**Student:** 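Let me begin by handing over the structure; questions about it come next.
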Number of protein chains: 2
Amino acid sequence: MSKPPKRHVTLTDIAAAAGVAPMTVSRVLNGSGYVSAETREKVLAALRKMNYRPNGLARALKRQRTETVGLVLGDIANPFAAELSRGVREVLAARGYNLFICVSEQSAKEDLAAFDSLLDHRVDGLIVATRASKLGNDRLAEIVEAGTPVVAIGRDFRHPQADLVTADHLRGGYEAAQHLISLGHRRIGFIGVSLTSGLWLRRFQGYLEALREHGLPVEEELVAGGGASAEQPGYATEEMGYEGMRQLLALREPPTAVFARNDFAAFGAMNAIKRAGLRIPQDIAIVGYDDVPLASHTSPPLTTVRQPTREQGRLAAELLLRRIESREPVAREERIFACELVVRESTVGK
Amino acid sequence: MSKPPKRHVTLTDIAAAAGVAPMTVSRVLNGSGYVSAETREKVLAALRKMNYRPNGLARALKRQRTETVGLVLGDIANPFAAELSRGVREVLAARGYNLFICVSEQSAKEDLAAFDSLLDHRVDGLIVATRASKLGNDRLAEIVEAGTPVVAIGRDFRHPQADLVTADHLRGGYEAAQHLISLGHRRIGFIGVSLTSGLWLRRFQGYLEALREHGLPVEEELVAGGGASAEQPGYATEEMGYEGMRQLLALREPPTAVFARNDFAAFGAMNAIKRAGLRIPQDIAIVGYDDVPLASHTSPPLTTVRQPTREQGRLAAELLLRRIESREPVAREERIFACELVVRESTVGK
DNA sequence: TTGTACGCGTTATCAT
DNA sequence: ATGATAACGCGTACAA
């Protein structure tokens, strides 16, 4: 009963059992070189009987590649990250590569740890979708220069030998705000940015640009952070949206429309609005960002900005494989996907 | 400019640069054995300059362990999976282990592929949180018997040498239904199970048990699947909930309360109810399952069953490490966490 | 205190 | 068609 932690069965074990050289077993396994039907049968029999699994470590050590790609995510509890990883996986699986995901929980330090851990296992390439940090970007540059293919997704990492895939959030933010302006709104709040963090956010800058362009003043009081959680945005940002909206509602003159940093913040905000006994969109209109599946199923359905998430994942994977499989240096590619405003009833009542 | 795909820097390279034997470098790296301060300095200098990273493959091949654990998830776009992985990560990180996540997209075949891929990289152990399948369980048994520590989470895999962590969904489902019954409901629908799939679902069986116990008839028409998506439940099950609820609303005599398989299905159902111009909970009461963050932020807030998700992840990680780090055989542990009904306004108006 | 020899499990190369 | 040998990069055991 008590199983002493067994050694893995090795190719050499098989060879011994089948009475051939290890090399012959290797040939059978990889279908390379000539093996007589008879020998092959012997080997196959031994393989079946002994339940052999090749040691990827040893194989990779010899072959110098693992056919595995690492994906670093900041936050797994995030529909965006999920959809992204689906896209990545689709492409990799089709090309026979495995995917290992590491999560950094939004910390630059954990980011580094994830890089190292994946590289230690000699993944063939890295897709990085975490938030940029000086620390992380410096390390990434080293990694790239050391010869490991790297593709960034939506992360501010630019390097002549790494590709970048992202979506045009500046324009996305702009269009969201522009939409509200075109509906006649003049006091438009933003939820999800605090004065100490997030001001770099592209979608926020797009919002600012739209206001400016239409001659609307940017009022500080209309920009709501949402407390502590603003530091660590993740899945649970309903909280952030809820708190942010409460701040805005408490103003002497609350906004007539708000643009939330993402759909979850928007959900929280919608809730705060309803709790206050106000109607959406009649009293306050609201726009989110991301178009997560739930967005079309709230009441009212949420107007939001859709980014082609899965496509970003797919493209990143393709760019990475291109680098991995090419012997020569590859020209840098930077691809920016367009975002699309999806108008629903949270801004335009029906 | 054009970088020819460089070879990784090896320990031998460092040794050559520092003018010592590889072994000496190894000693410096691992802090094992004696090295004179002087030699150490030379080596450290070379290390810094050449940007060395140990080859985990080679190291693992030699050491026969990777200090890495694999986690197999069915669906990454799932708050439950996300929270689970957080718990796992917390514990592993604290003990110096890395975590690689593989996603099987709910397919038994991909499940196997994930196992293989992780084992090929010789992870020290496996945590499996995917849906059970004959194929998968058979393979898991082999894996366990071959000596790799395995812990299952919420998956019907029982093996004398593998641990199991789960929550009492039978009781959770029972309490949800019981709650509705105690509020006076007699026609209680279930959303998220179709006659061709999901009948094995514990929370559904709990629902059945509660009905039976209270002498309520189980009516087939009150059990709604939700179409194609029922086959592949994942994050996007608002759809499923929405469709399921529409089926129920179309009945000659619709239910006065529904219990949804999970919170997302519940959100979809709530939406369908509102669209139909009915009120929650006055016209139809609703209970979800999981207590995802959003559940407390819908309108009305959702009554739901909470399971200690992160704790399950943490415990699973601890059990796994126990197995990994123990030389002797370890006694099987099966731990079932209790679930907790969280009553909010979707069942009890205020 | 430092170095040498060998092995981890594969596969590439060359020989037979 | 098959086998012997070396090597991938590191660490253990032992020698110097």
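First the proteins, then the strands, lettered A, B, ... as listed; each starts at 1. As the structure is a prediction and not an experimental result, all values here were calculated from the model.
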**Student:** So, OP1 or OP2 of C/dC8: does either fall under 4.0 Å of a side-chain N or O from A/Asn55?
**Tutor:**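 Indeed not, no polar side-chain atom of A/Asn55 lies that close.
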
**Student:** Could you tell me the separation between the CZ atom of A/Arg63 and the P atom of C/dT11, rounded to a whole number of Å?
**Tutor:** 5 Å

**Student:** State whether B/Tyr52 places a side-chain N or O below 4.0 Å from either non-bridging phosphate oxygen (OP1 or OP2) of D/dC10.
**Tutor:**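 For D/dC10, OP1 or OP2 has a side-chain N or O of B/Tyr52 closer than 4.0 Å.
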
**Student:** Looking only at N and O atoms, is any donor in the side chain of B/Arg53 or the base of D/dG9 less than 3.5 Å from an acceptor on the other one?
**Tutor:** no

**Student:** Using whole Å, what does the distance between atom P of nucleotide C/dC8 and atom CG of A/Leu61 come to?
**Tutor:**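 Checked: the CG to P distance equals 14 Å.
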
**Student:** Is any side-chain nitrogen or oxygen of A/Gln64 closer than 4.0 Å to OP1 or OP2 of D/dG9?
**Tutor:**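 Yes.
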
**Student:** Heavy atoms from C-beta onward define the side chain here; which of C/dG3, C/dT11, C/dG7 lies closest to that of B/Ala21?
**Tutor:** C/dG3

**Student:** So, OP1 or OP2 of C/dT2: does either fall under 4.0 Å of a side-chain N or O from B/Thr24?
**Tutor:**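 No, outside the criterion.
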
**Student:** Can you see if the side chain of A/Thr39 gets near the phosphate of D/dT2 - specifically, an N or O under 4.0 Å from OP1 or OP2?
**Tutor:**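 Affirmative; the distance criterion is met.
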
**Student:** Could A/Lys109 and A/Asp111 be called an ion pair, given the rule that one side-chain N must be under 4.0 Å from one carboxylate O?
**Tutor:**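 Looking at A/Asp111 together with A/Lys109, the answer is no, because their closest N to O distance does not fall below 4.0 Å.
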
**Student:** Counting only side-chain nitrogens and oxygens, does B/Arg59 get under 4.0 Å of the OP1 or OP2 atom of D/dG11?
**Tutor:** yes

**Student:** Got a donor-acceptor pair under 3.5 Å from the side chain of B/Arg27 to the base of C/dG3?
**Tutor:** yes

**Student:** For A/Ala37 and A/Arg122, find the nucleotide of DNA chain D closest to each by heavy atoms; which residue's nucleotide sits nearer the 5' end?
**Tutor:**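 Of the two residues, A/Ala37 wins.
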
**Student:** A/Leu57 CG to D/dG9 P: how many Å, rounded?
**Tutor:** 14 Å

**Student:** What is the distance, to the nearest angstrom, from the NE2 atom on B/His121 to the C1' atom on C/dT10?
**Tutor:**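 My rounded result for the distance is 14 Å.
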
**Student:** Give one of base, sugar-phosphate or nothing for A/Pro54, where a contact means two heavy atoms less than 4.0 Å apart.
**Tutor:** sugar-phosphate

**Student:** Do NZ/NE/NH1/NH2 and the carboxylate oxygens of A/Arg95 and A/Glu67 come within less than 4.0 Å?
**Tutor:**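 Salt bridge: no.
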
**Student:** Could you tell me whether A/Asp163 and A/Arg322 make a salt bridge, using a distance below 4.0 angstrom between a side-chain N and a carboxylate O?
**Tutor:**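 Looking at A/Arg322 together with A/Asp163, the answer is yes, because their closest N to O distance falls below 4.0 Å.
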
**Student:** Reading DNA chain C from 5' onward, which residue's closest nucleotide shows up sooner: B/Ala58 or B/Arg40?
**Tutor:** B/Arg40

**Student:** Got a sec, which pairs hit ring-ring contact (aromatic ring centres under 6.0 Å, His included) with one end in residues 120-153 of chain B, sequence neighbours left out?
**Tutor:** A/Phe100-B/His121

**Student:** Is any side-chain N of the basic residue among B/Arg323 and B/Glu328 closer than 4.0 Å to the acidic one's carboxylate O?
**Tutor:**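 Salt bridge between B/Arg323 and B/Glu328, a charged N being under 4.0 Å from a carboxylate O: no.
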
**Student:** To the nearest Å, how far apart are A/Arg65 CZ and D/dG9 P?
**Tutor:** 15 Å

**Student:** Rounded to whole angstroms, how far apart are OH on A/Tyr34 and C1' on D/dG3?
**Tutor:**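 Rounded to the whole Å, the gap is 17 Å.
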
**Student:** Roughly, in whole Å, what's the span from CD in B/Glu67 to P in D/dG11?
**Tutor:**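 Nearest whole value for this atom pair: 12 Å.
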
**Student:** The side chain of A/Met23 lies closest to which of these nucleotides: D/dA4, C/dC8, D/dA13?
**Tutor:**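 Nearest to the side-chain atoms of A/Met23, counting from C-beta on, is D/dA4.
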
**Student:** Could you check B/Ser36 against A/Thr12 and say which one's nearest nucleotide on DNA chain C is further toward the 5' end?
**Tutor:**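 Between the two, 5'-proximity favours B/Ser36.
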
